[in-house]
Amino acid sequence: MRIAVLAGGVGGARFVQALTEVLPPSDVTVIANVGDDLEVHGLHVSPDLDTLLYTLAGFGDRERGWGRAGETWNALDTIERLGGETWFQLGDRDLGLHLVRTEALRRGEPLSSVTEKIARAVGLELALLPATDDRLRTRIRTPAGEFEFQEWFVARGHRDRADEVVYDGAGEAGPAPGVLEALEAAELIAIAPSNPFVSIGPILAIEGIRAAVERRRDRVVAVSPLIGGRAVKGPADAMFTSLAGGTGAGQVTDCYKGLIGALVLDVADADDAEAVSERGVRPLVTRTLMSEPDARAELVRTVLGLVPA
Ligand code: GDP
Ligand code: CA
């Protein structure tokens, strides 16, 4: 079954990994967020693409949730000793990838093309596409001012309340090559249990992508990133409170208004099923904690069950 997945980093990677335990990887196209991208020490870093790449290739650091397993930090130590900025940590192994990518981008190669080469080099069989090759940067407006995404998230530890999320450049950004084709060809489009505001929002802020998803709404299923109204990790629940007025599955549905036919919500949120159906979206209640193998299998069966075999 051909499936296209909109994904951020950690939640996205875990979900795609679960899918490929059941589907042949060649059936899967991942359309990834690049709103988190940043330049560090002159290097282009794409945190969500890299989390997907490392996790799916099997060398991601499971505990930390980002970066590579068995990482060393010699370069970072040197940077610190020399008085450079160290708030965004880059390991030695990780740095190698950023060097290759940055060099290619400087030569004028599009992000999608260098991503494809790197994915192939690490043995990925699925298609990993950045949502866009154009510059798109998420910014967060808070009572303390407006920050670039990583400055808000990493440097300030996402402590400042998010009052507004801005997708800088989204208006001019076009879908990367292959993205619209994958959305058209997919028998199922899944929105991973990624943060709707800062992981999925930037992807859907690209007009061509939003329109393509909207057209295929009946084939679109989103998985809620909230369990019992709480994020498994990260600021999603706090963002739901400040940006959507609550942490129920109804609010998750509202994030994808007009775009989804079904929403998978956790058994812990079963009471919210009615709020989902009231919004014209089919609620699918199952276990969604992906660290548990049984729940993971159940989640994938539920998502794939949406399309008759
Ligand atoms: P990031 O880009 O690395 O921050 O990652 P994502 O946006 O892709 O994923 C973060 C979201 O994934 C958080 O809101 C978590 O609540 C959610 N998440 C992580 N693990 C799980 C899980 O096992 N089940 C569900 N339902 N959500 C999860
Ligand atoms: Ca991210």
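Since this is a predicted model, take the numbers as computed values, not measurements.
Note that Arg156 lies outside the cation-pi zone of Trp152, set by a 6.0 Å cut-off to the ring centre and a 45° limit from the axis.
Scanning both residues, Leu265 and Pro283, for their nearest heavy atoms gives CD2-CB, 3.8 Å. The two residues Val281 and Ile260 come nearest to each other via the heavy atoms CG2-O, 3.6 Å. Minimum interatomic distance between Val303 and Leu188 (heavy atoms only, all atoms of both residues): O-CD2, 3.6 Å. Nearest heavy atom pair, residue Ile31 against residue Ile203, reads O-CD1, 3.5 Å. Contact record, Val285 with Ala270: CG1-CB, 4.0 Å, taken as the closest heavy-atom pair. The nearest pair of heavy atoms linking Ser46 to Leu111 is OG-CD1, 4.2 Å.
Proximity of Met1 to Leu304: side-chain heavy atoms (C-beta onward) are separated by under 4.5 Å at one or more points. Taking 4.5 Å as the limit, every side-chain heavy atom of Val232 sits out of range of all side-chain heavy atoms of Met290. Taking 4.5 Å as the limit, some side-chain heavy atom of Leu204 sits within range of a side-chain heavy atom of Tyr256. Two residues are said to be in side-chain contact when any heavy atoms from C-beta on lie closer than 4.5 Å; Trp66 and Pro47 fail this criterion. Taking 4.5 Å as the limit, every side-chain heavy atom of Thr286 sits out of range of all side-chain heavy atoms of Val267. At least one side-chain heavy atom of Glu39 sits less than 4.5 Å from a side-chain heavy atom of His44. Side-chain atoms of Leu76 and Leu95, non-hydrogen and from C-beta on, never get closer than 4.5 Å to each other. Contact of the Arg161 side chain with the Thr241 side chain is not registered, since no non-hydrogen atoms from C-beta on lie closer than 4.5 Å.
Summarising the local packing, CZ of Arg107 is surrounded by more than 12 heavy atoms from other residues, nucleotides or ligands at distances under 6.0 Å. Heavy-atom contacts from other residues, nucleotides or ligands closer than 6.0 Å to CZ of Arg230 number 12 or fewer. Around the CZ atom of Arg282, the shell of radius 6.0 Å holds no more than 12 heavy atoms that belong to other residues, nucleotides or ligands. For Arg137, the CZ atom sits in a packed shell: over 12 heavy atoms of surrounding residues, nucleotides or ligands are nearer than 6.0 Å. Within 6.0 Å of the CD atom in Glu21, the count of heavy atoms belonging to other residues, nucleotides or ligands exceeds 12. Applying the 6.0 Å contact sphere to NZ of Lys233 captures more than 12 heavy atoms from other residues, nucleotides or ligands. Applying the 6.0 Å contact sphere to CG of Asp271 captures no more than 12 heavy atoms from other residues, nucleotides or ligands.
Between the Arg216 side chain and the Glu184 main chain, a donor and an acceptor come within less than 3.5 Å of each other. The main-chain N or O of Val276 is never found under 3.5 Å from a side-chain atom of Thr253 such that the two would form a donor-acceptor pair. Between the side chain of Asp272 and the backbone N or O of Gly250, no donor-acceptor pair lies under 3.5 Å. In terms of modelled atom types and a separation under 3.5 Å, the side chain of Glu181 and the main chain of Gly178 share a donor-acceptor contact. In this structure, Arg219 contributes its side chain and Glu187 its backbone to a donor-acceptor pair below 3.5 Å. No donor-acceptor pair under 3.5 Å is formed between the side chain of Asp163 and the backbone N or O of Thr142. In this structure a side-chain-to-backbone donor-acceptor pair under 3.5 Å is present from Thr20 to Gln17. Looking at Thr51, its side chain never comes within 3.5 Å of a backbone N or O of Asp48 through a donor-acceptor pair. The backbone N or O of Asp36 lies less than 3.5 Å from a partner atom in the side chain of Gln150, making a donor-acceptor pair. Using modelled atom types, one side-chain atom of Ser242 and one backbone atom of Ala162 make a donor-acceptor pair closer than 3.5 Å.
Interatomic distance, CG of Leu259 versus CD of Glu214, reported as 5.5 Å (0.5 Å rounding). Atoms OG and CG, on Ser112 and Leu129 in that order, are 7.5 Å from each other to the nearest 0.5 Å. Distance OG/Ser26 to CG/Leu124: 12.5 Å, rounded to 0.5 Å. Rounded to the nearest 0.5 Å, atoms CZ (Arg296) and OG1 (Thr288) are 12.5 Å apart. To the nearest 0.5 angstrom, Phe15 atom CZ is 5.5 Å from Leu299 atom CG. With values rounded to the nearest 0.5 angstrom, Leu136 atom CG is found 8.0 Å from Asn33 atom CG.
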Apply side chain to side chain contact (heavy atoms under 4.5 Å, CB included) to Leu306 and Leu284, showing your working. CA-CA 9 Å; Leu306 204 69; Leu284 302 169; 3.8 Å; yes
Run Glu151 and Leu38 through side chain to side chain contact (heavy atoms under 4.5 Å, CB included) and show every step you take. CA-CA 10 Å; Glu151 193 185 356; Leu38 74 162; over 6 Å; no
For Val252 and Phe240, what are the C-alpha separation, side-chain angles and deciding distance, and is it a side chain to side chain contact (heavy atoms under 4.5 Å, CB included)? CA-CA 8 Å; Val252 180; Phe240 267 99; 3.7 Å; yes
Verdict with reasoning, Ile209 to Thr132, per side chain to side chain contact (heavy atoms under 4.5 Å, CB included): CA-CA 10 Å; Ile209 297 184; Thr132 181; over 6 Å; no
Can you check side-chain hydrogen bond (donor to acceptor under 3.5 Å, both in side chains) on Glu80 and Thr86, steps first, answer last? CA-CA 6 Å; Glu80 182 161 32; Thr86 54; 4.6 Å; no
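Between Phe153 and Phe147, the distance from one ring center to the other does not fall under 6.0 angstrom.
For the residue pair Thr247 / Asp237, no side-chain donor-acceptor distance below 3.5 Å is found, with atom types taken as modelled.
Salt-bridge formation is not detected for the pair Asp37/Arg101: no Lys NZ or Arg NE/NH1/NH2 atom is positioned less than 4.0 Å from an Asp or Glu carboxylate oxygen. Under the 4.0 Å criterion applied to side-chain N and carboxylate O atoms, Glu71 and Arg64 are not assigned as salt-bridge partners.
Side-chain heavy atoms closer than 4.5 Å link hydrophobic residues (I, L, V, M, F, W, Y) into clusters, and following such links, even through other members, never connects Val100 to Phe59. Taking hydrophobic clusters as Ile, Leu, Val, Met, Phe, Trp and Tyr residues chained together by side-chain heavy-atom distances below 4.5 Å, Ile79 does not share a cluster with Leu97. No path of Ile, Leu, Val, Met, Phe, Trp and Tyr side chains, each step under 4.5 Å between heavy atoms, connects Val10 with Ile227, placing them in separate hydrophobic clusters. No chain of hydrophobic side-chain contacts below 4.5 Å, direct or via other Ile, Leu, Val, Met, Phe, Trp or Tyr residues, connects Trp73 to Trp87. Both Val220 and Leu6 are part of a single hydrophobic cluster, where members link through side-chain heavy atoms under 4.5 Å apart.
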